[in-house]
Structure formats: structure tokens, C-alpha cells
Amino acid sequence: MQIDAFLAQRLRELRQAHGLTLEQLAERSGVSRSMISLIERQETSPTAAVLHKLADAFGLPLPALFTPPAPTPQPVARLADQPVWTDPASGYQRRQLTPGGVAAPVELVEVHFPAGQSVDFDIPAPRVGIEQQLWMLEGNMLITLAGAAEPQRWLLASGDCLAMTLGERITFHNPGPRSARYLLALTRSAAPSRRLP
DNA sequence: TGTAATTTGGACGGTAGATG
DNA sequence: CATCTACCGTCCAAATTACA
């Protein structure tokens, strides 16, 4: 199944499993109901920022939107079976490494980030706290983390590893001139930072 | 600067339940 | 059965954004 088709089905299933209408999910996620409807009908390719908001509305990390809740956990995710999703806005590509259905506390994602591109995740009141470690494999990335305190910024080079807690706003930027590649390890923290009713 | 794609809010039509 | 209301998802025009 194409990743967009899978995403559309997964989003609709998640929404219905939570008993939410388009309007309710729109209010909860900050994404308009029209946009959610378009995604569910595969009539648009949502940006990473939009998907990040939707995942957060379900209390899930972004990679969870690309992995099916497999009834029987598979210990191996073959390269050919790993879902790859490309952000239409920036062209950045994320490959879901962790096998589906595995109840592991860690999720692994490989990211290819085009030179000169940026991706901005901005969620005013995140529902789910996510701990994340970023291991640079190739190239450079500039990570800016903005929360309640002063913004923090790190320029990462090949081999560097950054551990961070996702705050309200995080910007990934590849200053170029080469495309970057890195590994993300994500865990959901025990205590979500804040939660709306 | 023009074009294409994404995103939004209002308008619209379909459906289910309540009421007379 | 007809009508009304509420709710839901889709359609549409316009604004915004990215890119050549």
C-alpha cells in the first residue's frame, strides 16, 4: 500500500477509534476539518507540521502514524517493508525502522534531510512528552528548541548525538550544502508536559 | 512574478432522530 | 408521513506558501 493511502486509512481509524468527528479532531489538533478530510480522502499530501499536530492530538509520536498496530509483533522490519514518508514541503524523508507491533519503549527513525531545508514543529500545548536522541550520521543539522525558557540551538556534525525533550517548538534545519542523514530514537516520557481537557 | 500546491473557513447536501 | 433540527463530511473559493 502506498504510504499516503496507509496514512489516510490510519488517520481515519485513529479518529474513529477515539470517537472523534472531523470537527472535534480539528479543534483538538489545530488542523482544520477540511484539511483532515482531504488527508483521509488522499486528496492532499500533508506537511510534516500538520501530521505532527495530528499525531499529538492522539497522544502519539509522529512515527506512530506510519506504523500499523500489528496484531502479531514482527521482530524484523526488512528494508523493503519499512515505511518511508516524504514531507512535501521540505522534501525530508523519514524511514520507520522499528518493526510494527513491537511493544518496545524506543522507536527508531532514519531521516534524510535535504540541504538548505527547514522543518518547523510548533504545538502550543503538546499532549505527549517525547524524549528524543538524534545521532548525526552524515552532514550537519542545526536544531533549535524553543520552550518557556530561552531558545537553545545546536549545530550537529557527523557523529554527534543530541538528547532532548521536545518542547513547544522545535526547528530542524540543514544549513547545507550537503544533504544530511541522521538516526532518531524516540521515547514517550512518563509525564506529558501539559494536557488540554 | 506567475504557477502550483497546501490550508482554511463558510456553504452545502445527506442522514438520523424527534415531534406533531 | 412530513417537517424540523442537529450533526457530519464534502465542496468551493480564497489566502498563503513554495518554487521556478
**Interface limits on DNA chain C, where chain A has a heavy atom under 4.0 Å of a nucleotide atom** = C/dC8 to C/dC19
**Asked** Which part of the nucleic acid, if any, lies within contact of A/Gly91, taking any heavy atom under 4.0 Å across all strands shown: a base, the sugar-phosphate backbone alone, or nothing?
**Response** nothing
**Asked** With distance as the sole test, does A/Gln9 use its side chain to make a donor-acceptor pair with the main-chain N or O of A/Phe6 at under 3.5 Å?
**Response** no
All N/O contacts under 3.5 Å from nucleotides 11-14 of chain B to the protein, with atom names and distances to one decimal?
from, atom 1, to, atom 2, distance (Å)
B/dA11, N6, A/Arg33, NH2, 3.1

**Message:** For A/Met136, is there any backbone N or O sitting under 3.5 Å from a side-chain donor or acceptor partner on A/Asp160?
**Reply:** no
**With A/Ser29, the side chain to side chain contact (heavy atoms under 4.5 Å, CB included) member among A/Leu51, A/Ile36, A/Leu20** = A/Ile36
**Message:** Tell me every residue that passes salt bridge (charged side-chain N to carboxylate O under 4.0 Å, His left out) with A/Arg12, counting only those two or more places apart in sequence or in another chain.
**Reply:** A/Glu40
**Asked** For A/Gln42 and B/dT6, what is the distance between atoms CD and C1' respectively, to the nearest whole Å?
**Response** 17 Å
**Prompt:** Is A/Thr44 near enough to B/dT6 that one of its side-chain N or O atoms lies under 4.0 angstrom from OP1 or OP2?
**Reply:** yes
**Message:** Counting the atoms with a prime plus P, OP1 and OP2 as sugar-phosphate, which does A/Ser32 contact under 4.0 Å by heavy atoms, base, sugar-phosphate, or nothing?
**Reply:** base
**Request:** Scan side-chain atoms only and decide if A/Ser37 and A/Arg33 contain a donor-acceptor pair under the 3.5 Å cut-off.
**Result:** no
**Request:** Give the other cluster members for A/Val106, using side-chain heavy-atom distances under 4.5 Å between Ile, Leu, Val, Met, Phe, Trp and Tyr residues; answer none if it is isolated.
**Result:** A/Leu97, A/Leu108, A/Trp135, A/Leu137, A/Leu183
**Complete:** Residues passing the salt bridge (charged side-chain N to carboxylate O under 4.0 Å, His left out) test with A/Arg95, sequence neighbours excluded, are A/Glu110
**Message:** Under 4.5 Å side-chain heavy-atom separation, chaining through any Ile, Leu, Val, Met, Phe, Trp or Tyr, what else clusters with A/Leu142? Say none if it is isolated.
**Reply:** A/Leu155
